[in-house]
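Before any comments, here is the structure.
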Amino acid sequence: MAVQVIAEVGECFNGSMEQARRMIKKAAQEGCDIVKFQILDMDEVSVDDPEYEWFQKIELDRKSIRILKSWAEEEHIEILFTPVSVKTASFLVEEGIYTVKIASSFVRKEELIKYINEHFKTVYVSTGMAELDEVRKSVRILKKPEEVIILHCISEYPTGPLLEMRGLKALNERDAHLNMIHILKREFPAYRIGYSDHTDGIFVPLVAAAMGAEVIEKHFTLDRQTPIHNYIEKKEYMGTDHVLSVEPEALGRMVELIRRMEICQGDMEWYRSEGEIILCDFLRERYVER
């Protein structure tokens with residue numbers, strides 16, 4: 001099965017439905033399989049939260065979900081949502097959407113997971129911040145869905161503290177801990193295992209795909225330079241996702257390289273290439289024993 005690529009919109013549509021539509025179109029054009037949005041529930045956000053007003057701006061209601069779903073259908077790309085509560089998960093059921101993702105922050109939210117178990121057919125689970133026992137517990141609850149996909153994830157935005165390397169600032173990619181993909185494959189051999197990425201750039205998700213991740217989720221934005229709020233200077237707030245996201249061209253390049261990698265991997269069978277067969281006799285007989 002080909003690696004499934006999820007283009008994560010997250011906060012990067014800036015609360016603009018028109019921008020969300022452009023991002024759906026771009027995700028499809030760049031070869032992604034799925035485009036993903038988050039659904040917030042303002043009833044569960046404290047009014048004292050410093051991002052309260054921003055969350056209000058990017059909150060999606062049922063009507064918005066319906067519109068986004070129709071736009072994805074027009075672009076022939078699947079759509080995925082991450083609800084944060086039973087209420088927001090019920091929006092999806094009411095709109096006939098039975099594929100869902102459980103975000104890392106809610107992998108311990110038993111009420112939500114139990115609701116998802118009863119109402120959804122395909123479930124993606126991100127494992128950021130979770131201990132392995134917590135992942136096991138969530139997966140044990142999810143018995144009714146037809147498929148559960150488990151995504152290795154590091155909830156650090158972007159992943160890896162900044163280091164000084166040869167006079168340049170670079171992210172410590174060691175913090176991606178990609179060998180946890182192998183741990184998940186060992187623990188859950190009957191499940192598809194993937195990787196939800198928060199690193200800067202496309203190198204780490206490419207390595208993850210080469211290591212056997214069957215799903216790659218990558219944040220993308222139309223403009224990485226979109227401003228981040230500065231509380232002192234009172235500049236406009238546009239969320240934090242932009243700085244850890246890639247722009248469409250890089251997203252498309254990532255998809256292209258993943259597809260090339262799949263070609264290089266070939267099928268899981270032992271056979272010789274046509275070129276080898278043609279050269280076989282010559283290469284074996286050119287050196288004679290004396």
Side-chain angles (χ1 to χ4, degrees), residues 4-11 32-45 55 58-60 62 65 68-69 72 78-157 159 177 180-181 183-185 187-188 190-198 205 208 213-219 241 244:
Q4 195 175 49
V5 179
I6 302 173
E8 164 70 88
V9 174
E11 300 179 359
C32 298
D33 302 292
I34 300 173
V35 61
K36 190 179 88 66
F37 290 85
Q38 300 170 359
I39 313 175
L40 300 176
D41 186 345
M42 295 310 298
D43 291 339
E44 297 198 358
V45 180
F55 287 157
I58 61 172
E59 184 183 20
L60 296 172
R62 276 192 56 190
I65 292 168
L68 293 172
K69 178 187 175 187
E78 295 181 44
I79 194 163
L80 179 64
F81 292 93
T82 301
V84 300
S85 62
V86 169
K87 183 182 80 174
T88 52
S90 71
F91 292 167
L92 301 179
V93 175
E94 291 163 6
E95 295 302 326
I97 298 171
Y98 301 106
T99 298
V100 71
K101 184 187 172 191
I102 300 171
S104 294
S105 299
F106 305 101
V107 75
R108 298 190 305 176
K109 195 169 185 177
E110 197 165 313
E111 179 189 25
L112 175 61
I113 296 171
K114 286 181 176 178
Y115 180 87
I116 286 173
N117 178 59
E118 294 291 335
H119 295 88
F120 291 86
K121 297 178 181 179
T122 303
V123 181
Y124 295 80
V125 182
S126 265
T127 60
M129 301 178 286
E131 297 298 331
L132 202 48
D133 279 344
E134 292 174 326
V135 180
R136 293 188 187 107
K137 182 178 180 180
S138 295
V139 172
R140 280 197 299 269
I141 295 172
L142 295 167
K143 294 299 184 185
K144 292 187 177 181
E146 295 173 6
E147 184 176 24
V148 175
I149 303 98
I150 306 168
L151 306 182
H152 164 51
C153 178
I154 300 296
S155 297
E156 190 177 337
Y157 311 93
T159 299
H177 294 303
M180 290 169 77
I181 292 170
I183 294 173
L184 289 172
K185 283 179 174 287
E187 288 285 334
F188 306 100
Y191 296 79
R192 278 202 291 157
I193 305 299
Y195 173 56
S196 177
D197 180 73
H198 296 118
E214 297 172 82
V215 177
I216 296 293
E217 180 181 66
K218 183 66 184 177
H219 284 254
D241 280 1
L244 59 87

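Values in this document were obtained by computation on a predicted structure and should not be read as measured data.
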Which residues pass the side chain to side chain contact (heavy atoms under 4.5 Å, CB included) test with [X], sequence neighbours left out?
{"X": "E134", "value": "R108, A130, E131"}
{"X": "S155", "value": "S104, M129, C153, Y157"}
{"X": "T88", "value": "I39, D41, P83, V84, S85, F91"}

At their closest point, which heavy atom of [X] faces which heavy atom of [Y], and how far apart are they?
{"X": "K143", "Y": "N117", "answer": "N-OD1, 2.8 Å"}
{"X": "D197", "Y": "H219", "answer": "O-CD2, 3.7 Å"}
{"X": "C32", "Y": "A7", "answer": "SG-CB, 3.8 Å"}

Would you call [X] and [Y] a side-chain contact if the rule is heavy atoms closer than 4.5 Å?
{"X": "V93", "Y": "F120", "value": "yes"}
{"X": "V100", "Y": "T82", "value": "no"}
{"X": "T99", "Y": "K121", "value": "no"}
{"X": "L142", "Y": "V125", "value": "yes"}
{"X": "I6", "Y": "L80", "value": "yes"}
{"X": "I116", "Y": "I102", "value": "yes"}
{"X": "T122", "Y": "I149", "value": "yes"}
{"X": "F106", "Y": "I113", "value": "no"}

Can you sort out the partners of [X] under salt bridge (Lys or Arg N to Asp or Glu O under 4.0 Å), two or more places apart, ordered by chain and number?
{"X": "E44", "answer": "K109"}
{"X": "E146", "answer": "none"}
{"X": "E214", "answer": "K185"}
{"X": "E187", "answer": "R136"}

Would you mind checking if E95 and K69 are paired as a salt bridge, meaning a charged N to carboxylate O distance below 4.0 Å?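 Looking at K69 and E95, the cut-off is not met.
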Working to the nearest 0.5 angstrom, can you tell me the gap between I79 CD1 and I65 CD1?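 Interatomic distance, I79 CD1 to I65 CD1, rounded to 0.5 Å: 9.0 Å.
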Atom CZ of F55 and atom CG of L40: how far apart are they, to the nearest 0.5 Å?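 Separation between the atoms: 6.0 Å.
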Would you mind telling me which of K218, K36, H198 makes a side-chain hydrogen bond (donor to acceptor under 3.5 Å, both in side chains) with E8?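 Testing each of K218, K36, H198 against E8, the sole residue satisfying side-chain hydrogen bond (donor to acceptor under 3.5 Å, both in side chains) is K36.
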Applying side chain to side chain donor-acceptor pair (under 3.5 Å), can you list everything that pairs with [X], at least two apart in sequence or on another chain?
{"X": "K101", "answer": "S126, E217"}
{"X": "Q4", "answer": "Y124"}
{"X": "D33", "answer": "R259"}

Is the number of heavy atoms from other residues, nucleotides or ligands within 6.0 Å of CD (E111) greater than 12?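 Count not over threshold, so no.
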Quick check: are there more than 12 heavy atoms from other residues, nucleotides or ligands sitting under 6.0 Å from NZ of K114?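 Result for NZ/K114: open.
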Report the residues that fulfil ring pair (Phe, Tyr, Trp, His ring centres under 6.0 Å) with H177, sequence neighbours left out, ordered by chain and then residue number.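 With neighbours one apart ignored, the set is empty.
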Partner residues of Y115 under the ring pair (Phe, Tyr, Trp, His ring centres under 6.0 Å) criterion, sequence neighbours left out: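 Listed in chain order: H119.
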Main-chain N/O of L151 paired to T127 side chain as donor or acceptor, under 3.5 Å: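 Side chain of T127 to backbone of L151: a pair is present.
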As a quick check of understanding, evaluate side chain to side chain contact (heavy atoms under 4.5 Å, CB included) for F81 and L68, giving each step before the final call. CA-CA 10 Å; F81 292 93; L68 293 172; 4.0 Å; yes
